[in-house]
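Nothing here was measured: the structure is a model prediction, and the numbers come from that model. Numbers here simply count residues along the sequence, with the first being 1.
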Amino acid sequence: MQTSLLFSVSRSSSSRVLLSFSKRGFGVAPGQRYIRFAQTNSSTSSSLTSLKRGLSTSRPKTSPLVQQQFQQRKPLQSSASGLLLAALAVGLVYSAYYSFRKSSPQPTTQSQSHPLQDITPEDISTMTSELAAGRPGNLTPEQEEKLRQLWKLIFQVCRVGEENQASAAPQPTAGPAAGEAEEKKKSRMTSLWSRSSKNNKSNSDDTPTTTTTAPTTAGDGAAVGIQLSLGSKDGEADKYGQTKHFYETLASYPPSDIRDTIWSMVKHDHPDALVLRFLRARKWDVEKALIMLVSTMAWRAKEMDVDGDIMKNGELYALEKNDGLSKDFLAQIRKGISYVHGCDKQGRPLCFVNVRLHKAGEQSEESLERYTVYLIETCRMLLRGGLILLRVEVCFADEDGDQTIVFDMTGFSMANMDYTPVKFMIKCFEANYPECLGTVLVHKAPWIFQGIWKVIRGWLDPVVANKVHFTNNATEMQEYIPLKHIPKDLDGQEDWSYKYVEPTPGENDKMKDTATRDELLRQRAELYKQYEEATMQWIKSSSNEIKAKREEIANKMREDYWRVDPYIRARSYYDRTGVLLPGGEVDWYPGEKKGNGEVRREVVTSPDDLD
């Protein structure tokens, strides 16, 4: 009997290497028994990549006889080259397998009792998506160090950890002594930036370094300087002026306001997952990531007032206010120009945009922007790690915190084309919601859209542009979305249509209970402090005990958010229809009957998933 090992060599590829061993020698042949690697780590992935490279580079060096036997899938005969190749392959396979065994839990007896089947590309996609690179729980040592550096800088900007030091320090007196004390204070504030700048120095030693000092307003009103050694980064590829925005924010916003906005954006997310999105968007450049993050916080708090207005007031407020802006806002929701329903093959929520329902000039620019942000933020409420049960099948919920957008271009004409909201949506995903866009499908685009797409593509970052795909029928859409989740009007099997449910008086009454709200927010603020303290310890020493403590607090924060949510966020269409349930559970088919006649309530079964 021979035993075969089946490997997925890379995360994004469905390529497989099948190796078999027998008493007669070594060869590549179909196997009868498969050993499946349910998860990988960086060490295993590296070993498997080396294995693939070793096999591909070793073949030309074998003798013609060995090559012939190899191609005929026969065991290699005793020869010097054959033994050398076999020894090399066995060593690499053993190294990969030992690395996997060492870092992964052993399968239970129950799982071993079931016969294992061949791994399909869908299986590989499902397994590897659980360990997406650059996410919490799957960071390389270098990436983890970058994460520490960014948290360190965030704490300095927000003056986290300085409260006790500031209260214990004597107040400086007027005169030269006061000036010296202030200089020492500035030095203390900038020292961390100096160390960070060295760690993030450009690979090219010829790149000139420009030290820029940005004044910040401290809690006591004293100005302190923060220095960034940007080099050629200052203004480089900064299409939205975030570097300038960053300096202006530090100069005008109290550190406590920046801190509060950061925690407000976290919501039910993992804090590391949020911070890592900015790092990945800026290709792990710590200072660029900080600039982007601080600029985003100012955009949320000042320009859009996301949590203090748009999400706090919501649909019922717009209905009751009934002014021009509110009418435009509700008109888009009622029409169903955009809605979220179901998941794609990666478990990402699907946002459908019916382009033909939008008429340029019908709504004001401000209402379009408010609606866009409201839709993105509402979709974030539906993004949660775990399992979402869709009817009778199981779907892995998105772990990357992103979504798939389907632009239905059926019936599109130039009357539907509106460049202004398109530009704003692009800015949102590129500048303020980094790494939140999974895939964009442009479905049934007519020929007149070709020229429009050339213009739009020029506005897009190349990374975002590569996420855009064009489809013309349901068969092509099936590459991204299961047929059963494609709406019937797009030739799919999804028998569901969007019908707006109007807000009801009293649905936001909990928001009037300010005493309960304030107490819940006070308790949540304690969790913030605990996480900050644990993170400061983790920055100094990344022991497993400290890591576990951070994860425990992060999970408490995730669960705690849903206690606070009804007191700070107005109910949406998805709350009213039972899609978004208390506690963050998601049910795309609320109230649907099960086989026994009971109302089915599917829940998120794995709240421990990250990002």
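- The pair Lys267-Glu377 counts as a salt bridge, with a side-chain nitrogen and a carboxylate oxygen less than 4.0 angstrom apart.
- Each of His245, Lys427, Glu430 was checked for a side chain to side chain donor-acceptor pair (under 3.5 Å) with Tyr240, and the lone residue meeting it is Glu430.
- With a 4.5 Å cut-off on side-chain heavy atoms, Lys288 and Gln242 do not count as touching.
- Trp538 has its ring centre no less than 6.0 Å from the ring centre of Tyr531.
- At a threshold of 4.5 Å between non-hydrogen side-chain atoms, the residues His469 and Val442 do not count as touching.
- Ring centroid separation for the pair Tyr339 and Trp496 comes in under the 6.0 Å cut-off.
- By the 4.0 Å N-to-carboxylate-O rule, Asp309 lies close enough to Arg370 to be salt-bridged with it.
- Between Tyr480 and Val406, every side-chain heavy-atom pair lies at or beyond the 4.5 Å cut-off.
- In this structure, Phe407 has its ring center at least 6.0 angstrom away from the ring center of Phe352.
- The side chain to side chain contact (heavy atoms under 4.5 Å, CB included) search around Asp408 returns Asn354, Arg356, Thr410, His443, Leu490, not counting sequence neighbours.
- The pair Arg259-Glu532 counts as a salt bridge, with a side-chain nitrogen and a carboxylate oxygen less than 4.0 angstrom apart.
- Proximity of the aromatic rings of Phe429 and Phe424 is defined here by a centroid distance below 6.0 angstrom, and this criterion is not met.
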